[in-house]
Amino acid sequence: MKLAYWPGCVSRGFTPELHGSVAKVAPLLDLELVELDRANCCGAGVIAEHNQELVDTLNARTFAMAQGVEGAAGMMNICSTCQGAQSECQERLDADGSYRGEVNSHIEPEGLSYQAGGGWWNKNFLWILVEEIGLDKLRERVERPLAGLRIAPFYGCYIVRPTKRLGYADHPERDQYLDMVIEALGAEPVEYAGARKCCGFPVITMNRTTSLRQAGRHLADAIDAGADCLVTPCPLCHLNLDLQQPAAAKFVERDLGVPVLHLPQMVGLALGLEPKELGMGKHVVSTKALQKQLAALAAAA
Amino acid sequence: MADYTLKIRRYDPESGEPAYWADYQAELPPERSVLDAILQVKDREDASIGIRCSCRAAICGSCGVRINGRSALACNTPIGQASEQGRDGAVTIEPMGNMPVIKDLITDMEAVHWKKVRRVVPWLLPDEEAPEGQEYIVPAEAMLDVTQAMACIHCGACVSACLSMEVDPDFVGPAALAKAYRFVGDPRDGEHESRLRDLAEDEHGIYNCTHCFACVEVCPKDVAPMDQIMRLRRRATGDFEIKDANNGYGHEKAFMNIIEKWGTLHEAQLLPRSFGDGSLVKGQLRPSGAKQLTESLPTVVSGLKSGKVSPKKALVHPKLPDQKQVRRIVKEIESKDERLELNLYIVGELAGEDEVGAFAEEAGEP
């Protein structure tokens with residue numbers, strides 16, 4: 001399947017291991033990715049807060065570039081926040097023809113125009129896995145079943161709410177997909193309170209206490225529920241859950257130390273890729289114990 | 001008719017006993033409400049169940065509870081639908097979150113919700129006296145913008161679901177902040193700037209919303225409280241340039257400056273620029289900025305140590321190939337006299353000419 005691919009900012013910035021993992025995993029799933037290297041930041045909610053017409057225009061620009069990729073089935077993103085921020089803009093652009101015309105007038109000098117309708121879509125890698133590739137095919141491709149691992153899903157707000165905007169009417173199980181993928185790869189999904197709550201990242205520069213109490217609580221809940229690691233489809237969540245984890249431990253006054261995987265890393269491990277190829281050495285919370293656990297599972301199998 | 005199992009969380013603080021779960025059976029058609037089911041159980045099985053309700057039509061906002069973990073009005077949630085979504089078919093009913101429980105499903109709205117609403121001065125503070133013998137008159141379209149905030153029925157569902165309040169009970173919160181926008185967006189009010197300054201400077205104010213959409217998801221009246229909070233921020237930074245102590249202004253300014261300069265986010269500069277109202281140099285020279293940067297230092301060090309961030313990457317960020325286009329778009333839109341906004345609550349989700357045209361065609365109208 002050919003896809004226009006928007007990697008987002010953070011996957012090429014502070015979570016380079018995410019961008020690298022997608023490059024390794026995509027061919028194993030027969031995904032041909034055409035990277036939108038001229039596209040701009042989705043705004044992550046901040047540009048929307050600043051100026052709605054501006055954020056809608058910047059994302060219409062990205063959508064128009066994706067629509068120009070010949071033979072692409074749609075556009076793929078690898079960040080819950082990109083998904084939510086872009087879906088918000090797409091909802092407004094699709095709803096009103098005259099508004100869309102005004103927005104398009106800003107990108108026409110570049111020879112671009114966003115076309116509404118026609119079933120064009122923008123989906124997170126998680127949605128692509130379940131809806132486009134399918135769990136059966138994913139199961140078939142598993143080389144190293146993750147059996148014995150207990151993995152706590154962490155969805156990221158922007159991919160689960162608001163359900164009305166995010167296509168839940170047509171796909172009511174989207175808030176279960178991460179659990180379903182964990183199971184398909186042979187691991188056991190861990191049930192805990194924080195799976196669909198906020199990681200706190202959006203207020204890390206404005207209210208560190210609120211932000212890190214949120215991250216710390218969810219990590220602690222996952223640990224208490226017996227998780228070996230967490231997995232997330234959102235690199236911004238990853239920043240608060242992994243990069244900030246040592247700081248978050250202080251705000252919840254307890255030890256944490258649980259590794260957090262990016263979704264493509266977890267998929268890559270099950271497809272037989274080595275931890276090093278997936279950048280698992282580039283985490284702040286060490287993944288060594290997890291890697292040992294994986295090796296022991298393989299030896300026992 | 002169908003049989004439903006209700007799993008109700010019971011608690012009576014006066015009993016001295018801890019809270020417990022109790023199962024009840026109700027029999028009614030699936031389209032009837034969860035409230036109808038609770039009232040039937042109360043009538044037939046156990047009259048001591050505490051529930052607050054009145055209109056049964058999603059107008060009075062009294063019967064807010066959590067159904068299968070989701071904050072909602074019991075009166076406008078069909079029992080059949082709740083049963084489908086419940087675990088093993090049972091419908092779980094709990095009191096709302098983030099508020100003390102008075103008894104069973106009745107929460108103390110006064111202790112949390114109303115206290116917070118009063119915090120935002122929920123009445124009009126006009127500049128001048130109304131013309132003698134007359135009302136204040138404003139054009140109807142000037143009030144359109146606040147109709148969404150005015151639709152609030154104060155049920156507390158958003159307060160119950162708020163993930164920021166879960167970790168910071170002092171957060172002013174979604175309902176009260178939506179109420180604040182109702183006056184900040186009202187052309188008759190004369191205290192827009194001081195209201196905004198007050199809520200921007202409060203560490204539990206507008207910049208403590210984590211943008212999680214929980215309030216948007218549960219509001220039974222589509223008030224979208226988080227969107228109102230974003231409007232408050234937009235006015236605080238864009239219209240009044242309120243440089244608050246929480247870095248709300250700085251964060252937005254830093255983000256915008258970075259996108260205008262590079263097109264994609266340069267995270268390494270977001271933090272220092274946030275503490276300097278968008279400027280990199282100011283962020284490092286200002287005492288408060290230096291203090292906050294020092295607090296973040298251990299995180300920066302662990303990022304470098306893990307190999308996630310290289311010193312080169314922290315310093316150098318590539319510009320987009322067509323960055324001049326992004327800059328042109330920013331300039332073009334920012335230079336407009338008025339911001340163009342499309343509120344789907346007001347115009348409707350099928351507002352477009354195409355869609356309306358299609359509807360008119362189908363209906364056989366011109």
Side-chain angles (χ1 to χ4, degrees), chain A residues 9-10 12-17 37-38 40-41 43-54 57-58 61 84 91-92 94-100 102 106-107 109-110 157-158 161-163 197-198 200 202-203 205-211 213-214 217 243-244 246-247 281-284, chain B residues 163-164 167-168 171 203 207-214 216-217 230 233-234 237-238 246-248 251-252 255-256 259 263-267 270-271 274 295 298-299 302-303 306-309 313 320-322 325-326 328-330 332-334 339-342 344 347 349-354:
Chain A
C9 304
V10 179
R12 292 172 292 178
F14 277 10
T15 62
E17 66 280 2
D37 52 8
R38 288 159 58 219
N40 45 258
C41 172
V46 185
I47 304 182
E49 159 190 327
H50 174 74
N51 187 313
Q52 198 192 79
E53 185 187 4
L54 179 58
T57 304
L58 290 174
R61 182 175 181 269
E91 184 185 42
R92 281 191 291 263
D94 287 352
D96 191 308
S98 59
Y99 180 71
R100 186 167 61 247
E102 181 67 29
H106 298 300
I107 57 175
E110 264 187 280
C157 300
Y158 284 75
R161 289 179 294 269
T163 47
K197 290 187 179 177
C198 182
V203 291
T205 61
M206 297 181 279
N207 196 321
R208 205 168 156 78
T209 308
T210 292
S211 179
R213 267 192 201 158
Q214 287 188 320
R217 274 196 194 183
L243 179 67
Q244 296 282 2
K282 287 190 173 167
H283 290 213
V284 165
Chain B
L163 294 175
S164 234
V167 296
D168 177 14
F171 177 40
E203 66 172 306
Y207 294 115
N208 197 23
C209 164
T210 65
H211 217 271
C212 73
F213 298 93
V216 178
E217 178 66 17
M230 294 308 125
R233 289 185 183 181
R234 192 177 300 152
T237 55
N246 298 305
N247 296 318
H251 178 250
E252 189 189 302
F255 200 105
M256 287 313 304
I259 300 307
T264 57
L265 188 61
H266 184 1
E267 298 113 315
L270 185 60
L271 201 65
S274 290
E295 273 173 15
T299 309
S302 51
S306 68
K308 174 184 273 296
V309 187
K313 194 193 241 170
L320 281 185
D322 297 329
Q325 295 290 349
V326 173
R328 174 188 58 77
I329 291 169
V330 175
E332 212 168 282
I333 294 174
E334 302 261 75
R339 287 186 293 263
L340 175 64
E341 284 173 29
L342 180 79
L344 296 180
V347 299
E349 280 171 38
L350 291 176
E353 293 151 8
D354 319 349

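So you know, we letter chains A, B, ... as the sequences are listed, proteins then strands, and number each from 1. Heavy-atom basis, side chains included; hydrogens, waters and symmetry copies ignored.
The candidate with the highest count of non-hydrogen atom pairs below 4.5 Å against chain A, out of Leu265(B), Asn247(B), Thr264(B), Leu163(B), is Leu163(B). Taking Ser211(A), Ala44(A), Ala247(A), Pro109(A) one by one and counting their heavy-atom pairs under 4.5 Å with chain B, the maximum is reached by Pro109(A). Ranked by non-hydrogen atom pairs under 4.5 Å with chain A, the options Asn246(B), Val167(B), Val330(B) are led by Val167(B). Listed options Glu267(B), Met230(B), His266(B) were ranked by heavy-atom pairs under 4.5 angstrom with chain A; first place goes to Glu267(B). Your options are Val46(A), Val10(A), Asn207(A), and the one with the most heavy-atom pairs under 4.5 Å with chain B is Val46(A). Heavy-atom pairs under 4.5 Å with chain A were tallied for Glu334(B), Glu332(B), Gln325(B), Glu203(B); the largest tally goes to Gln325(B). Ranked by heavy-atom pairs shorter than 4.5 Å toward chain A, the options Leu271(B), Asp168(B), Asp322(B) are led by Asp322(B).
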**Request:** Verify side chain to side chain contact (heavy atoms under 4.5 Å, CB included) between Lys197(A) and Arg217(A), making sure each step is shown before the conclusion.
**Result:** CA-CA 10 Å; Lys197(A) 290 187 179 177; Arg217(A) 274 196 194 183; over 6 Å; no
**Request:** With side chain to side chain contact (heavy atoms under 4.5 Å, CB included) as the test, would you mind laying out the steps for Met256(B) and Leu54(A) before giving the verdict?
**Result:** CA-CA 11 Å; Met256(B) 287 313 304; Leu54(A) 179 58; 3.5 Å; yes
**Audit row: Gln214(A), Cys212(B), side chain to side chain contact (heavy atoms under 4.5 Å, CB included) steps and yes/no** = CA-CA 12 Å; Gln214(A) 287 188 320; Cys212(B) 73; over 6 Å; no
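For Val216(B), the part lying under 4.5 angstrom from a heavy atom of chain A is the side chain only. Contact annotation for Phe14(A): both backbone and side-chain heavy atoms come within less than 4.5 Å of a heavy atom of chain B. Heavy atoms closer than 4.5 Å to chain A are found in the side chain of Leu320(B), but not in its backbone. Looking at Leu58(A), only its side chain comes within 4.5 Å of chain B, counting heavy atoms on both sides. For His283(A), the part sitting under 4.5 Å from any heavy atom of chain B is the backbone (N, CA, C, O) and nothing else. Of the atoms belonging to Thr163(A), heavy atoms from both backbone and side chain fall under 4.5 Å from chain B. When heavy atoms are compared at a cutoff of 4.5 Å, Glu17(A) approaches chain B solely by way of its side chain, counted from C-beta outward. Ser164(B) touches chain A through backbone and side chain together, each having a heavy atom under 4.5 Å away. The parts of Tyr207(B) that come within reach of chain A are both its backbone and its side chain, each placing non-hydrogen atoms under 4.5 angstrom from that chain.
Applying the side-chain contact (heavy atoms from CB on, under 4.5 Å) test to Arg234(B) and every residue at least two apart in sequence or in another chain returns Arg231(B), Arg339(B), Glu341(B). For Phe213(B), the ring pair (Phe, Tyr, Trp, His ring centres under 6.0 Å) criterion is met by Tyr158(A), His211(B), not counting sequence neighbours.
Within the 4.5 Å cutoff, the side chain of Thr15(A) has heavy atoms near those of the Lys308(B) side chain.
Residue Leu342(B) holds its CG atom at 7.0 Å from CZ of Arg92(A), rounded to the nearest 0.5 Å. Interatomic distance, Gln52(A) CD to Leu340(B) CG, rounded to the nearest 0.5 Å: 7.5 Å.
Checked for salt-bridge contact, Arg61(A) and Glu110(A) meet the test: a charged N lies under 4.0 Å from a carboxylate O.
Of all non-hydrogen atoms in Ser302(B) and Leu243(A), the two that sit nearest each other are OG-O, 4.2 Å.
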